[in-house]
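All remarks here apply to the structure that follows.
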Amino acid sequence: MQSNELKIFNTLSRTKEVFKPVNAPFVGMYVCGPTVYSNVHLGNCRTFISFDVVYRYLMHAGFKVRYVRNITDVGHLTGDVDIGSEDKIGKMARLQKLEPMEIVQQYTNGFHDMMRVFNTLPPSIEPTATGHIVEQVEMVKEIIDNGLAYVQNGSVYLDTQAFIGKYPGVYGKLSGKDQDNLQTETRALKNQSEKKHPSDFAIWVKAPEDHLMHWPSPWSTGFPGWHLECSVMSTKYLGSPFDIHGGGMDLQFPHHENEIAQNFSACGCAPSNYWMHGNMLLMNGKKMSKSDGNSVMPEELFSGDSPLLTKGYSPMAVRFFMLQTHYRSTLDISDGALQAAEKGFKRLMDAYKTLFALKHSDGSINESEEVEITAACDACYTHMNDDFNTPMTLASLFTLVNKINTYKDGGSVVSNISQAALEKLQQTFKEFIEDVLGLKEEASTDDKIVDGLMELIIDIRQESRINKDWSTSDKIRDTLNELEVQLKDGKEGTSWSKL
RNA sequence: GGUCGGUUGGCCGAGCGGUUAGGCAGGGCUCUGCAAAAGCUCGUACAGCGGUUCAAAUCCGCUACCGACCUCCA
């Protein structure tokens, strides 16, 4: 069944649910951002591109969205709290002999640059963990006051057993773990000395002597637990509960599960109504992950400087490549798949350009043609409403690509559909490609000199063709080809594009 | 070991009870000075076995592979 209602797959219920915002037309969306201790890899980018499309489509659908995406700049540890772990940013600062905030600034800048390159929209608010220490200390106090956390040697732990007693059925629901399950699983972990129970987790951590980043608190000089910042910053800016909480699949447990426990513990309600999780980007069938040395940096992809790639790929081709797969499916990256995507993307964008050069003229209307075109336009909405199905949306756009190219072949004059239908086609293309999917023409063809020169060259070649001087015309074509400029001889004359 | 998910044509990937997914690659044709581009067209699928059903890629069971999470990870 298809309908005009937006449906979102909610991890909590494992079903697609009709999206009903708490306070329509306002929508609050929170997405877990990066920990800025090194460069983002392509897997990170996929998640943010996925949620960029969600953000764009919600706005396109008329919602007023406040999109909050945090920057984790403290509290994210390299391992378990009890086993000599180290703050990720603090560690980089120590290794590079820099201030932690220098590390944070450097990689935050890099992250922003990359997001811009991929044409993702900046969030409405991008709060940092270190900017919200006061609020985090407050939440720890509330949780202690509610009897759901305990202090141990200056650190504070959320008491999962007490939590389960007070809010049965909450802890473990998101990640699909029942309580027995959680117990047996964590029983195997060693050396959880300070905790009353193995599944308890730190919400405030007493800083070791040499720890670079620390703040005063009623319990110790220390720093907040990793999960706490999201609880605090999401509810501070979006209220409680807000609408959509997103993040990568791998954050489901323990991060999101713990976040839910913190929110319940502090104020008795869930942080958000809809939980969305983007699936992983794979590399040779395995999750792309920095710690496993199995990651590709976007820069390598753009330059082609990798043994796995035969060439470089543009950011927009990569974005298109990602959108050809649903956000909840894994996507395996490979050179062959990227090449296919690159060509498909080019075909789409060529048609997009062609579309706005079409002219309408009155003629006899072909009903079925008109129906087919308007149906494909409407289908874009139907597909996006079905849990943001970008691959299906692209499929509909490609059926329109075919129509557009047929009109071009026929002399670029459209007379078998109404003017309104042509305008609808143009509007749909523009809105979905640019506004919703966030795809844009690769830069650098808007140079006036280049355009003028190309016009001249094409003109000269045309003259030699008329004179049947094939060696000159082919020389022009071949030389341009070497420069990655492709000439296309059509009924309406010759056009060109970059390869 | 526990939990969850996946296995679709040469490749990437949708679909998830009856209807063409789509892109890329390949064959044929049209257009073209030739090519490219574009159009038309063709072919090869649903891991295996069993079951439910008038009907199964789609539901159920078993088997075999693969992956994610359970430990930092988008």
Side-chain angles (χ1 to χ4, degrees), chain A residues 14 31-35 37 40-51 76-80 83 85-86 88 172 175-178 180-182 184-186 188-189 199 226 246-255 277-282 285-292 295 320-321 324-326 328-348 350-351 354 379 383 386 389-399 401-402 404-410 465 468-470 473-474 477-478 481 486-491 494-497 499:
Chain A
R14 268 145 247 268
V31 172
C32 292
T35 301
Y37 70 103
V40 276
H41 70 253
L42 204 64
N44 296 305
C45 295
R46 184 188 178 198
T47 298
F48 301 126
I49 288 170
S50 295
F51 285 103
H76 205 156
L77 303 179
T78 54
D80 191 86
I83 322 173
S85 58
E86 191 170 3
K88 289 191 170 188
S175 54
K177 299 174 188 304
D178 58 39
D180 295 341
N181 211 327
L182 281 164
T184 39
E185 277 171 8
T186 42
L189 297 173
S199 61
W226 171 40
M249 211 71 123
D250 49 358
L251 294 182
Q252 243 175 66
F253 189 91
H255 184 58
H277 291 97
N279 214 136
M280 299 295 104
L281 184 65
L282 309 184
K286 292 257 171 71
K287 175 185 171 184
M288 189 175 281
S289 159
K290 230 178 311 196
S291 46
D292 293 345
S295 60
F320 173 86
F321 167 68
Q324 276 188 304
T325 305
H326 189 89
R328 279 192 290 114
S329 298
T330 54
L331 168 59
D332 205 335
I333 192 167
S334 70
D335 193 64
L338 282 165
Q339 275 186 35
E342 184 181 55
K343 289 193 181 170
F345 175 62
K346 185 173 182 298
R347 201 162 107 88
L348 179 69
D350 282 350
T354 302
H383 296 139
D386 182 20
N389 195 326
T390 54
M392 284 300 281
T393 302
L394 283 170
S396 289
L397 289 176
F398 271 106
T399 76
V401 165
N402 184 267
I404 293 165
N405 285 332
T406 304
Y407 285 130
K408 189 190 177 192
D409 265 16
R465 289 179 74 201
K468 298 201 193 303
D469 177 5
W470 308 129
S473 71
D474 288 354
R477 184 217 285 159
D478 296 344
N481 220 273
Q486 181 186 46
L487 293 182
K488 291 180 270 196
D489 297 326
K491 287 208 170 71
T494 302
S495 62
W496 67 281
S497 69
L499 277 176

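Note that the structure is a prediction, hence the values are computed from the model and not measured. Numbers restart at 1 for each chain; the letters A, B, ... are given by sequence-line order, proteins then strands.
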Which nucleotides of nucleotides 20-25 of chain B have their base under 4.0 Å from a protein heavy atom (B), which only their sugar-phosphate (S), and which neither (-), written as one string 5' to 3'?
-> -BBBSS

Pairs under 3.5 Å (Watson-Crick or G-U), crossing ones as [ ], inter-strand ones as |: RNA chain B comes out as (((((((..(((.....[...))).(((((.......)))))....(((((..]....))))))))))))....

Atom pairs under 3.5 Å, N or O on each side, protein against nucleotides 28-35 of chain B: can you list them with distances?
residue, atom, partner, partner atom, Å
B:G33, O6, A:Ser473, OG, 3.4
B:G33, N1, A:Asp474, OD1, 3.1
B:G33, N2, A:Asp474, OD2, 3.0
B:C34, O2, A:Arg477, NH2, 3.3
B:C34, N3, A:Arg477, NH2, 2.3
B:C34, N4, A:Arg477, NH2, 3.2
B:A35, N6, A:Asp489, OD2, 2.6
B:A35, N1, A:Asp489, OD2, 3.3
B:A35, N3, A:Arg477, NE, 3.3
B:A35, N3, A:Arg477, NH1, 3.4
B:A35, N3, A:Arg477, NH2, 3.3

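Partners of A:Phe51 by ring pair (Phe, Tyr, Trp, His ring centres under 6.0 Å), not counting sequence neighbours: none found. Listed by chain and residue number, A:Asp387 satisfy the side-chain hydrogen bond (donor to acceptor under 3.5 Å, both in side chains) test with A:Arg328 (two or more places apart in sequence, or in another chain). The side-chain hydrogen bond (donor to acceptor under 3.5 Å, both in side chains) test applied to A:Ser396 returns A:His383, not counting sequence neighbours.
Across all strands, A:Met249 comes closer than 4.0 Å to no nucleic acid atom at all (heavy-atom distances). If you check every strand for non-hydrogen atoms under 4.0 Å, A:Gly285 touches sugar and phosphate atoms only. In this structure, A:His326 reaches the sugar-phosphate backbone alone: every heavy-atom distance under 4.0 Å involves primed, P, OP1 or OP2 atoms, never a base. Residue A:Leu282 is out of contact with every strand shown, counting any heavy-atom pair closer than 4.0 Å. Residue A:Asn402 is classed as a sugar-phosphate contact, given heavy-atom separations below 4.0 Å to backbone atoms only.
Between the CG atom of A:Leu331 and the C1' atom of B:G6 there is a distance of 14 Å, given to the nearest Å.
Remark: the backbone N or O of A:Gly248 is not paired with any side-chain donor or acceptor of A:Arg46 at under 3.5 angstrom.
The residue among A:Met288 and A:Thr406 whose nearest nucleotide of RNA chain B is located toward the 5' end is A:Thr406.
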